[in-house]
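Below is one structure, written out as structure tokens; comments come after it.
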Amino acid sequence: MGYWLLKSEPDVFGIDHLKDRPDQTEPWDGVRNYQARNMLRDQMRAGDLAFLYHSSCAVPGIVGIVQIVREGYPDVSQFDPDARYYDPKSSPANPRWYRVDVRYKRHTKRVLPLAELRTYADGPLAELPLLRKGNRLSVMPVTPGQWEFILALENR
DNA sequence: GCCAACGTTGGC
DNA sequence: GCCAACGTTGGC
């Protein structure tokens with residue numbers, strides 16, 4: 001099973017929004033970065049788990065856990081001229097952008113702030129892309145070791 | 001609001 | 001293919 005971290009802005013698509021959906025499942029769409037696209041399209045598998053991270057807010061950090069319930073498929077918002085994520089260079093025959101479906105699992109017992117995660121940037125979380133300078137990836141892999149370490153932080 | 005870092009675009 | 005200009009991200 002794979003582990004991931006997904007970033008969102010809580011004002012746009014927060015964990016409470018996901019939890020309040022009828023089946024607690026939504027497409028993870030609007031990703032318009034090739035590196036992130038490749039992971040959505042090629043590497044994520046149904047059943048994988050992901051930390052949900054809130055960015056651009058008062059306390060950026062990990063707020064919950066979601067499950068990938070549908071593997072990568074074309075992000076239809078790229079074909080809609082009226083959609084925010086429309087891409088005129090893409091077409092259904094040759095889609096450029098992909099999305100997965102995610103289902104709410106749970107909130108973490110507490111928010112795990114970026115500032116706290118950073119204190120482990122020279123140790124167990126040294127290779128976590130989130131903590132690397134200038135990182136802007138909205139989808140990133142998490143190793144099993146990093147996953148277990150972060151989960152353990154919940155109880156501190 | 002500021003600004004560093006990064007990705008993309010487009011002229012050459 | 002290079003690289004300057006530009007737009008975006010995202011912490012602070």
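Chain A is the first sequence line, chain B the second, and so forth, proteins listed ahead of strands; every chain is numbered from 1.
- Spacing between atom NZ of A:K133 and atom P of B:dC3 amounts to 16 Å, rounded to whole angstrom units.
- For A:Y53, no side-chain nitrogen or oxygen approaches OP1 or OP2 of C:dT9 to under 4.0 Å.
- Proximity note for A:Q35 (side chain, C-beta onward) versus C:dC12, C:dG10, B:dG7: the nearest is B:dG7.
- For the pair A:L117 CG and C:dG11 P, the computed distance is 11 Å after rounding to whole Å.
- Taking atom CG on A:N38 and atom P on B:dG7, their separation rounds to 13 Å, with Å as the unit.
- The interatomic distance linking A:H54 (NE2) with C:dG10 (C1') rounds to 15 Å, in whole Å.
- Listed candidates were B:dA5, B:dT9, C:dG10. Nearest to the side chain of A:K89 is B:dT9.
- A salt bridge links A:E116 to A:R110: one of the charged nitrogens lies within less than 4.0 Å of a carboxylate oxygen.
- Atom CZ in A:R32 sits roughly 13 Å away from atom P in B:dT8 (whole-Å rounding).
- Summarising the geometry, the separation between CG on A:L131 and P on B:dA5 is reported as 16 Å, rounded to the nearest angstrom.
- Applying the 4.0 Å criterion to OP1 and OP2 of C:dG10, one finds that A:K7 has a side-chain N or O inside that range.
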Just do the salt bridge (Lys or Arg N to Asp or Glu O under 4.0 Å) check on A:K19 and A:E26 with the steps written out, would you?
CA-CA 10 Å; A:K19 185 183 181 183; A:E26 281 281 277; over 6 Å; no
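- Here C:dT9 presents its P atom at 16 Å from CG of A:L6, a figure rounded to the nearest Å.
- The residues A:E71 and A:R45 are annotated as salt-bridged, a charged nitrogen and a carboxylate oxygen being separated by less than 4.0 angstrom.
- With rounding to whole Å, A:L137 atom CG is found 8 Å from B:dG7 atom P.
- Using a cut-off of 4.0 Å between Lys/Arg side-chain N and Asp/Glu carboxylate O, A:R37 and A:D75 are scored as not salt-bridged.
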